[in-house]
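One structure is given below, represented as structure tokens, and several questions about it will come after.
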Amino acid sequence: MGPAAVIVLIILCAAAAAEARVPAGHLATRRRDSVPAGVGACALAVAPFGYPCEEHTVTTVDGYILSLQRIPRGRRASGGGAGQPVLLQHGVLTDGMTWLLSSPEESLAYILADSGFDVWVVNNRGTRWSSRHVSLDSYSRRYWDWSWDDLVVNDMPSLVDYVCSHTGQKPHFLGHSMGTLVALAAFSEGRTVDKLKSAALLTPVAYLSHMTTPLGILLAKAFVGELITILGVAEFNPVTPAVASLFKELCRHPGTNCYDLLRDFTGENYCLNSSAVDVFLQYEPQPTSTKTMVHLAQTFRDGVLSKYDYMWPGVNVEKYGQPDPPAYNMSNIPAAFPLFLSYGGRDELADPGDVGRLLGDLRGDDPDRLTLQYLEQFAHADFVIGTCAKDYVYNHVVSFFNRFN
């Protein structure tokens with residue numbers, strides 16, 4: 001264990017000790033959530049803009065109850081049936097609100113609805129509106145015992161099946177950041193790919209070896225996730241004392257600039273203004289499982305895309321039948337499946353070098369089915385809350401989906 005890991009361990013021990021002295025009933029007050037009880041994303045964000053909106057729930061095979069918001073048509077559409085469905089999948093430490101926070105002229109969900117699509121917005125397990133389970137309490141460790149592997153195996157298939165059965169159509173898929181990782185891993189194993197018309201991947205993540213974000217590298221190199229797991233912190237919530245103390249200490253490290261955390265995590269974004277960031281921070285970040293953060297750190301440290309590594313060969317053998325976790329093979333993605341990949345030159349999470357490695361795996365794909373867009377000036381957050389994303393990215397997404405309707 002290196003010096004950085006020792007420092008983090010000391011910090012987390014102190015934080016965990018403080019956590020133990022807080023009555024369980026007070027935990028809820030520390031969740032960053034200003035949304036009144038019983039108010040969903042439809043009432044909070046969509047209806048005020050004049051769009052029709054429906055709240056849906058999907059239960060996964062392992063019991064997690066996921067929230068979906070459906071915008072079946074644009075605000076100026078005159079009733080009738082819904083259009084071609086599109087499933088929107090957010091990234092890590094956020095939820096479906098990221099697609100709904102800006103004006104109808106800037107938010108992808110509204111742009112798609114006004115373009116005639118039937119929009120379905122996903123909220124990952126553990127986030128604000130997807131924190132229920134058929135038998136587990138969200139404050140229990142067992143509730144948080146999952147990594148993004150479980151999103152690949154359980155959540156994405158359940159969501160796609162639900163939209164297919166509810167609409168009678170194959171949906172398009174669009175993901176950002178970890179939403180692309182889950183999709184690519186699923187496609188590589190033959191999951192859901194035959195039930196989708198196409199997929200648009202914004203800042204596609206399959207490899208993280210070239211990641212340059214200062215805080216991300218510090219977290220990964222310090223084996224932070226494993227240390228938090230050892231201390232029993234199964235929920236990775238940036239606003240709880242244990243994780244907040246960790247960030248506070250990492251912010252003292254040379255090369256970080258915690259006056260601009262978004263910049264430190266994502267790169268120097270091109271078209272974010274202060275009001276967009278302020279609105280974003282009213283609703284995000286959202287929690288995820290510590291195992292998911294560990295899994296992402298393993299992807300960076302190991303240089304391969306594989307299933308969760310339990311670190312003990314015996315446990316891996318029990319889980320996978322082999323001492324090392326199996327790899328996800330991106331070259332298994334069917335060449336005939338239509339893909340749109342858009343990535344940025346300033347992105348410090350989905351670095352162009354890692355995207356290039358992914359493209360190497362996909363180079364056998366049909367050139368008529370693989371559409372690429374490279375934006376030299378864009379960083380990670382530009383693709384989802386950038387004020388100019390419509391002109392640079394979203395219009396191209398709409399055109400891509402229309403090609404395969």
Side-chain angles (χ1 to χ4, degrees), residues 2 4-5 89-94 124 147-152 175-188 201-229 236 238 246-247 250 253 255-256 261-269 285 288-311 324-331 333 341-362 374 378-384:
Q89 173 65 66
H90 61 83
V92 70
L93 298 177
T94 63
N124 280 351
S147 79
W148 59 258
D149 282 334
D150 296 275
L151 307 187
V152 173
H176 175 251
S177 191
M178 196 184 77
T180 71
L181 174 62
V182 169
L184 287 165
F187 299 160
S188 75
L201 309 178
L202 309 184
T203 69
V205 174
Y207 305 105
L208 292 170
S209 301
H210 293 85
M211 181 176 68
T212 57
T213 167
L215 283 176
I217 291 173
L218 285 173
L219 285 165
K221 286 188 174 179
F223 285 72
V224 166
E226 285 89 340
L227 292 174
I228 297 178
T229 301
F236 191 94
L246 164 63
F247 279 112
L250 292 179
H253 194 278
T256 60
L261 275 172
L262 196 60
R263 160 67 180 83
D264 253 22
F265 267 119
T266 67
E268 186 177 350
N269 292 282
T288 189
S289 70
T290 297
K291 282 180 70 174
T292 287
M293 301 303 291
V294 173
H295 199 174
L296 293 172
Q298 290 172 351
T299 303
F300 167 78
R301 295 194 305 256
D302 300 340
V304 296
L305 183 64
S306 64
K307 296 182 184 294
Y308 184 84
D309 188 350
Y310 288 88
M311 307 303 291
D324 295 312
Y328 289 104
N329 187 349
M330 295 293 102
S331 63
I333 297 174
L341 276 64
S342 183
Y343 62 108
R346 295 181 181 177
D347 195 332
E348 296 186 359
L349 285 171
D351 184 271
D354 289 322
V355 177
R357 183 178 173 188
L358 170 63
L359 294 177
D361 292 338
L362 300 175
Y374 174 68
F378 265 42
H380 205 73
D382 283 314
F383 290 86
V384 68

Applying side-chain contact (heavy atoms from CB on, under 4.5 Å) to Leu359 and Tyr343, what does each step give before you reach the verdict?
CA-CA 12 Å; Leu359 294 177; Tyr343 62 108; 4.0 Å; yes
With sequence neighbours left out, what residues match His176 under ring pair (Phe, Tyr, Trp, His ring centres under 6.0 Å)?
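For His176, the residues satisfying ring pair (Phe, Tyr, Trp, His ring centres under 6.0 Å) (neighbours in sequence not counted) are His380.
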Answer yes or no: is there a donor N or O on one side and an acceptor on the other, between the side chain of Asp361 and the main chain of Met330, under 3.5 Å?
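Answer holds: no.
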Ignoring hydrogens and angles, tell me if any N or O in the side chain of Thr203 forms a donor-acceptor pair with the backbone of Ser177 under 3.5 Å.
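Answer holds: yes.
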What pairs with Phe383 under ring pair (Phe, Tyr, Trp, His ring centres under 6.0 Å), at least two apart in sequence or on another chain?
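By the ring pair (Phe, Tyr, Trp, His ring centres under 6.0 Å) rule, Phe383 matches Phe378.
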Is Asp382 reaching over with its side chain to a backbone N or O of Asn269, donor-acceptor style, under 3.5 angstrom?
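The answer is no, because no donor-acceptor pair under 3.5 Å joins these two groups.
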Which residues pass the side-chain hydrogen bond (donor to acceptor under 3.5 Å, both in side chains) test with Ser289, sequence neighbours left out?
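For Ser289 the side-chain hydrogen bond (donor to acceptor under 3.5 Å, both in side chains) partners, ignoring immediate neighbours, are Thr292.
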Could you state the interatomic distance from NZ (Lys307) to CD (Gln298), rounded to the nearest 0.5 Å?
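Reported to 0.5 Å precision, the distance equals 13.0 Å.
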Checking Asp150 now: which residues fulfil side-chain hydrogen bond (donor to acceptor under 3.5 Å, both in side chains) with it, not counting sequence neighbours?
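In terms of side-chain hydrogen bond (donor to acceptor under 3.5 Å, both in side chains), with neighbours along the sequence ignored, Asp150 is linked to no residue.
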Going by side-chain hydrogen bond (donor to acceptor under 3.5 Å, both in side chains), name the residues that satisfy it together with Asp302, two or more places apart in sequence or in a different chain.
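Asp302 satisfies side-chain hydrogen bond (donor to acceptor under 3.5 Å, both in side chains) with no residue once adjacent residues are dropped.
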Listed partners of Ser306 passing side-chain hydrogen bond (donor to acceptor under 3.5 Å, both in side chains), at least two apart
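Expected list: none.
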How far does CG of Asn124 sit from OG1 of Thr94, to the nearest 0.5 angstrom?
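The distance works out to 7.5 Å.
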Please find the pair of heavy atoms, one from Tyr328 and one from Ser188, that lie closest to each other, and give the distance.
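Minimum heavy-atom separation between Tyr328 and Ser188: CD2-OG, 3.7 Å.
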